[in-house]
Amino acid sequence: MAKLKDLMDIFLQPGEYFVADAEYQLRTMLGSCVSITLWHPPSRIGAMSHFLLPTRGQDVSEVHELDGRYGDEALELMRQELLRAGVRLSQCQAKIFGGGNMFPGHTRNPDTHVGRKNGEAARKLLQDHGIPVVSESLFGIGHRQIIFDVSNGDVWAYQVQLSTDEARANGLES
């Protein structure tokens with residue numbers, strides 16, 4: 001088994017995705033964005049996305065160039081690359097992270113912020129593709145740091161709490 005320090009480290013920016021083998025560790029930082037990780041245990045191949053919005057509002061089959069900023073298109077991009085590696089989505093395990101409310105004091109209805117929409121869209125996308133979700137860390141307040149060890153499928157999520165100054169700025173503390 002590879003040690004984390006021996007793994008090649010990839011940091012995903014918003015709108016990016018990456019498909020990798022067991023030699024990689026994938027990382028990102030999420031606020032209202034969501035990451036879907038997919039892992040195929042027999043081949044130790046995995047994928048991770050970092051999307052900003054659930055969809056651009058068009059059928060993916062009608063889009064000329066897919067864009068990883070949208071959840072449905074990010075999943076399609078990962079599907080295509082996984083297929084090239086001989087892995088079908090239905091053979092993968094999924095984990096979902098993110099969807100935090102970054103401005104809770106400025107949201108009238110906490111169930112309508114973009115993070116919640118992203119997380120719910122990720123759940124539906126995976127369900128629609130028949131991919132089992134084995135773990136998730138969604139919603140709440142603040143951002144998360146995510147590390148995906150493709151060698152064993154482990155994903156570490158650390159939710160960063162708002163500081164007192166941030167909470168005051170968001171109207172959460174008087």
Side-chain angles (χ1 to χ4, degrees), residues 10-20 25-39 46-60 63 66-79 81-82 89-90 92-150 153-173:
I10 302 294
F11 186 87
L12 297 183
Q13 298 290 335
E16 294 182 336
Y17 73 97
F18 198 83
V19 176
Q25 153 181 296
L26 310 177
R27 297 181 304 116
T28 199
M29 179 96 58
L30 303 166
S32 60
C33 294
V34 165
S35 277
I36 293 174
T37 64
L38 301 171
W39 191 60
M48 185 164 119
S49 65
H50 180 152
F51 68 86
L52 291 84
L53 296 169
T55 183
R56 75 168 97 183
Q58 290 180 284
D59 185 337
V60 172
V63 175
L66 296 172
D67 188 333
R69 293 179 296 175
Y70 305 101
D72 54 350
E73 296 179 39
L75 186 61
E76 177 60 21
L77 287 162
M78 291 191 297
R79 184 192 71 78
E81 272 200 51
L82 286 166
L89 284 182
S90 61
C92 293
Q93 300 173 352
K95 297 179 182 178
I96 314 169
F97 304 92
N101 187 348
M102 299 308 294
F103 306 102
H106 302 287
T107 305
R108 288 192 178 136
N109 182 351
D111 293 332
T112 61
H113 67 85
V114 69
R116 176 151 304 270
K117 290 177 184 176
N118 283 338
E120 307 233 345
R123 285 175 174 161
K124 181 160 179 19
L125 279 168
L126 294 167
Q127 180 182 23
D128 290 351
H129 283 86
I131 305 166
V133 176
V134 297
S135 179
E136 66 178 42
S137 175
L138 289 170
F139 313 130
I141 297 171
H143 64 279
R144 290 172 173 82
Q145 296 176 7
I146 309 297
I147 302 172
F148 176 22
D149 180 351
V150 181
D154 288 345
V155 182
W156 293 273
Y158 173 70
Q159 189 162 3
V160 179
Q161 301 298 318
L162 293 175
S163 71
T164 303
D165 291 339
E166 291 169 318
R168 277 191 198 115
N170 281 296
L172 298 176
E173 185 176 290

Do any N or O atoms from the side chain of [X] and from the backbone of [Y] form a donor-acceptor pair under 3.5 angstrom?
X: Arg144; Y: Gly98; value: yes
X: His113; Y: Gly115; value: yes
X: Trp39; Y: Val150; value: yes
X: Thr37; Y: Met48; value: no
X: Thr55; Y: Gly57; value: yes
X: Asn118; Y: Ser32; value: yes

Just so I know, are the side chains of [X] and [Y] near enough to count as touching, which here means a heavy-atom distance under 4.5 Å?
X: Trp156; Y: Gln145; value: no
X: Ser90; Y: Ile131; value: no
X: Phe18; Y: Leu12; value: yes
X: Leu75; Y: His129; value: yes
X: Glu136; Y: Arg123; value: yes
X: Phe97; Y: Val34; value: no
X: Ile147; Y: Val155; value: no
X: Glu81; Y: Leu77; value: no

Nearest non-hydrogen partners of [X] and [Y], listed with the distance:
X: Gly15; Y: Leu52; answer: N-CD1, 3.4 Å
X: Phe148; Y: Gly153; answer: CE1-CA, 3.8 Å
X: Ala74; Y: Gly68; answer: CB-O, 3.7 Å
X: Ile96; Y: Ala122; answer: CG2-CB, 3.8 Å

- prompt: Among all residues two or more places apart in sequence or in another chain, which pass the side chain to side chain contact (heavy atoms under 4.5 Å, CB included) test with Val134?
  reply: Gln93, Lys95

So, taking the atom named [atom1] in [X] and the one named [atom2] in [Y], what distance separates them when rounded to the nearest 0.5 Å?
X: Glu73; Y: Leu53; atom1: CD; atom2: CG; value: 10.5 Å
X: Leu125; Y: Glu76; atom1: CG; atom2: CD; value: 10.5 Å
X: Tyr17; Y: Met78; atom1: OH; atom2: CE; value: 9.5 Å
X: Leu26; Y: Ser49; atom1: CG; atom2: OG; value: 10.5 Å
X: Arg56; Y: Asp67; atom1: CZ; atom2: CG; value: 5.0 Å

- prompt: Does Glu16 pair with Arg69 as a salt bridge, N-O distance under 4.0 Å?
  reply: no

- prompt: Any ion pair linking Arg116 and Glu120 (charged N to carboxylate O, less than 4.0 Å)?
  reply: yes

query: Got a sec, which residues hit ring pair (Phe, Tyr, Trp, His ring centres under 6.0 Å) with Phe139, two or more places apart in sequence or on another chain?
result: none

message: Is it the case that the side chains of Thr28 and His50 hold a donor-acceptor pair, with the cut-off being a distance below 3.5 Å and no angle test?
response: yes

message: Walk me through whether Leu89 and Leu126 qualify under side-chain contact (heavy atoms from CB on, under 4.5 Å).
response: CA-CA 9 Å; Leu89 284 182; Leu126 294 167; over 6 Å; no

